[in-house]
S.K.: 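For reference, the structure I am asking about is given below.
Side chains included, hydrogens not; waters and symmetry mates left out as well; all remaining heavy atoms used. Whatever order the structure lists ligands and atoms in, that order sets their numbers, starting from 1.
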Amino acid sequence: MRAELLKKELGIFTFQDLLHYFPFRYIDRSKFLKVSEVRSDSAYVQLKGKIFGLKTFGKHRATRLTGFLRDETGDIELVWFKGLKWVMQKIKPGEEYVVFGKPSYFNGKYNFVHPEIELASETQKGVNATLQPFYSSTEKLKSKGLDSRGIAKLTKNLVDQIDHTIPETLSEEIITPLKFISREKALINIHHPENQYILDKAIARLKFEELFFIQLALLKQKFTRAEKVRGHTFTTVGKHFNEFYYHHLPFELTGAQKRVIKEIRADMGHGKQMNRLLQGDVGSGKTLVALMCMLIAIDNGYQTCLMAPTEILAQQHYKTISKFLGDMQIEISLLTGSTKTSERKIIHKSLKEGTMNIIIGTHALIEETVQFKNLGFVVIDEQHRFGVAQRARLWKKNKIPPHVLVMTATPIPRTLAMTVYGDLDVSVIDELPPGRKPVKTFHFYDSKRSQLFHFMKQKIAEGRQVYVVYPLINESETLDLKDLMDGYESISRAFPLPDYAISIVHGQMKPEAKEYEMQRFVKGETQIMVATTVIEVGVDVPNASVMVIENAERFGLSQLHQLRGRVGRGADQSYCILMTGFKLTGEARIRIETMVRTNNGFEIAEVDMKIRGPGDMHGTQQSGVLDLQLADIIRDEKILKFARNLAAEILQDDPLLQNPKNSTLAARLRQLQKHKYDWSRIS
Ligand code: ADP
Ligand code: MG
């Protein structure tokens, strides 16, 4: 019965599972506070004294029970709303009790609601050693006696039976110099620690182990793939590349773009399959880099594709790339869910026959029916939105797998990249095209709206254009639309025709209407673009130099950063104005302050990860980061880097882990990969 519940509620099926169900906190039960010392409601505390003055309240039935705990420094109130009878039976006058709980502050006083109570004479027995473990439980489990304490009893029984029965998972070569305690000792002590020192050692060892095996798996995959997986060898930089470079490239490449293209070219030239991550801030010119690498592939007789996560993005890439190519002899098409059947057939045919050079699209690209004659190079934009299986299908579209370049639009903190993309090589574009002035960012409260309008008028008078963006939150599209329409009206009043013209774009418009409004803005026929976040991606209007973000407190950091990236593309000084109400949560304030302080996407990503935790970040869903039980890639950055370096060192000597001294590691890795993680990633 309880076993059933443990399975259902916590996924604990076996003793092994239970052994790996770690406490989330420990309370030092050797320390007692005096009543007069209770000063904060932030932590669990323990008091000792006599209980008196039990009294019930309630009209027909007792619904509340109160009493007092008294020690030599004073009284503190205890309150129960449930299990009143049981508490009344249990408490005997005159006896000394230990009361344990989190104080709450109510009506100017501290009290304890539903404290744990125990006879002082009992507390030293059983699981109540000094550091008491706390396990998370569920309502259902609690009702069957499996609260934290109940689970502690189970784990206590379990660890008491352990006697040289837990196999070691790390090799002597690691354990000895690093002075790790054994796995067995670590597992026993993480549940029922003898003291703080051993607990720290147990946690350190288990955290290291957790991060180490992920890195070992990722790096081993990377090394063996480099050994085993043959790749197309692109030997020439030929006609198309040169024609583009000398006759079509509208500007000088930045140093970073040149360096990255060289890195990619070298990687595609040595006979191994490339798996590379291209990182670069918004506006750093990733699309162009991707295109030039595609041209190299085409020059070597291969087809290429670019896959984007949304239809809008795919369309945007298609337009940008077609425009770059101009009248060059390159066959390029767009394939998405909304491509007409007749057109789709033609595209399928030309892909299969090999006459199509570049295909740009969405998920539609990975359907069975899409077959290539000779796919050699794949660009995946914002890969985190694609599942592993989907990417694997692209991989299989040629006998020899194509080279893969993954582009991320949002910078990723280093530690996260190490884990999420730990098996990829990385290229970074760390330079913006010249002549760009960093966008100046300001925070305005709504009360400054007239100043905002004044500023907008000034910029428009100078010939610039302005975006005004409203948040779009799926919960209530109609409400969002109302915000937008209200805003549009007030802007229309402040910026009347015929002096001003305004575009409006939102998600509920027909695509043609949207396109029409966008084009009016692109052509400069309208000075203001009022929009929801549909413009977050894709729009490129260098003359627009002001980005006003309404209700900025409702946007996440990476979204704010993406939006700001829409301006600052021309030579003029650009501005981003964050509008908010007066009331801001602590987190919203940090987001706004960060945006005002820095333009650096990597720095913003770090802050974002610190506020939200890695679990909410892009890419973590498939990465195993979420499965981390103890380690935290932010707090444990040092351990992570250390574990990665050590894993790399070991694999450098022994890429397949065949050396007998690494047999323990190899065995553990096999076991983990079989049971726990799906690390079969392709890129
Ligand atoms: P990303 O995709 O990295 O956000 P884009 O590829 O959209 O950036 O490039 C942003 C803008 O900068 C585009 O208008 C692009 O044409 C332009 N651009 C790219 N490379 C350069 C360069 N070397 N010099 C000037 N402008 C560039
Ligand atoms: Mg882009």
S.K.: Rounded to the nearest 0.5 Å, how far does NZ of Lys437 lie from CG of Asn599?
M.R.: 14.0 Å

S.K.: Any nitrogen or oxygen of Gly285, side chain or backbone, less than 3.5 Å from one on ligand 1?
M.R.: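 So ligand 1 has an N or O lying under 3.5 Å from an N or O of Gly285.
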
S.K.: Quick check: does any side chain N or O of Gln303 sit under 3.5 Å from a backbone N or O of Asn374, one acting as donor and the other as acceptor?
M.R.: yes

S.K.: Just jot down the ligand 1 atoms closer than 4.0 angstrom to any heavy atom of Phe324, in number order.
M.R.: 16 (O)

S.K.: Do any nitrogen or oxygen atoms of Gly283 come within less than 3.5 Å of a nitrogen or oxygen of ligand 1?
M.R.: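 Between Gly283 and ligand 1, an N or O pair is found under 3.5 Å apart.
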
S.K.: In ligand 1, which numbered atoms sit nearer than 4.0 Å to a non-hydrogen atom of Thr254?
M.R.: 23 (N)

S.K.: Minimum distance, heavy atoms only, to atom 6 (O) of ligand 1: which one of Asp281, Thr287, Leu253 is it?
M.R.: Thr287

S.K.: Take every heavy atom of Glu252, measure it against each atom of ligand 1, and state whether any distance is under 4.0 Å.
M.R.: yes

S.K.: Keeping the roles fixed (side chain from Arg344, backbone from Thr339), state whether a donor-acceptor pair exists under 3.5 Å.
M.R.: yes

S.K.: Does some non-hydrogen atom of Lys258 fall short of 4.0 Å from ligand 1?
M.R.: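 It does not; every heavy atom stays at 4.0 Å or beyond.
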
S.K.: Tell me if a side-chain donor or acceptor on Asn357 pairs with a main-chain N or O of Glu331 at a distance below 3.5 Å.
M.R.: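 Yes, Asn357 side chain to Glu331 backbone: donor-acceptor pair under 3.5 Å.
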
S.K.: Short list, please: which atoms of ligand 1 are under 4.0 Å from a heavy atom of Val282?
M.R.: 4 (O)

S.K.: Do the ring centers of Phe455 and Tyr575 come within less than 6.0 Å of each other?
M.R.: yes

S.K.: Side-chain donor-acceptor pair under 3.5 Å between Arg276 and Ser427, yes or no?
M.R.: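 On atom types as modelled, these side chains qualify, holding a pair under 3.5 Å.
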
S.K.: If we count only N and O atoms by modelled type, under 3.5 Å, do the side chains of Asn300 and His232 hold a donor and an acceptor together?
M.R.: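 Side chains of Asn300 and His232: no pair found under 3.5 Å.
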
S.K.: Heavy-atom pairs closer than 4.0 Å: do any link ligand 1 to the side chain of Gln316, the backbone, both, or neither?
M.R.: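 Neither; no heavy atom under 4.0 Å.
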
S.K.: Which atoms of ligand 1 sit under 4.0 Å from any heavy atom of Arg569?
M.R.: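 The list of qualifying atoms is 10 (C), 11 (C).
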
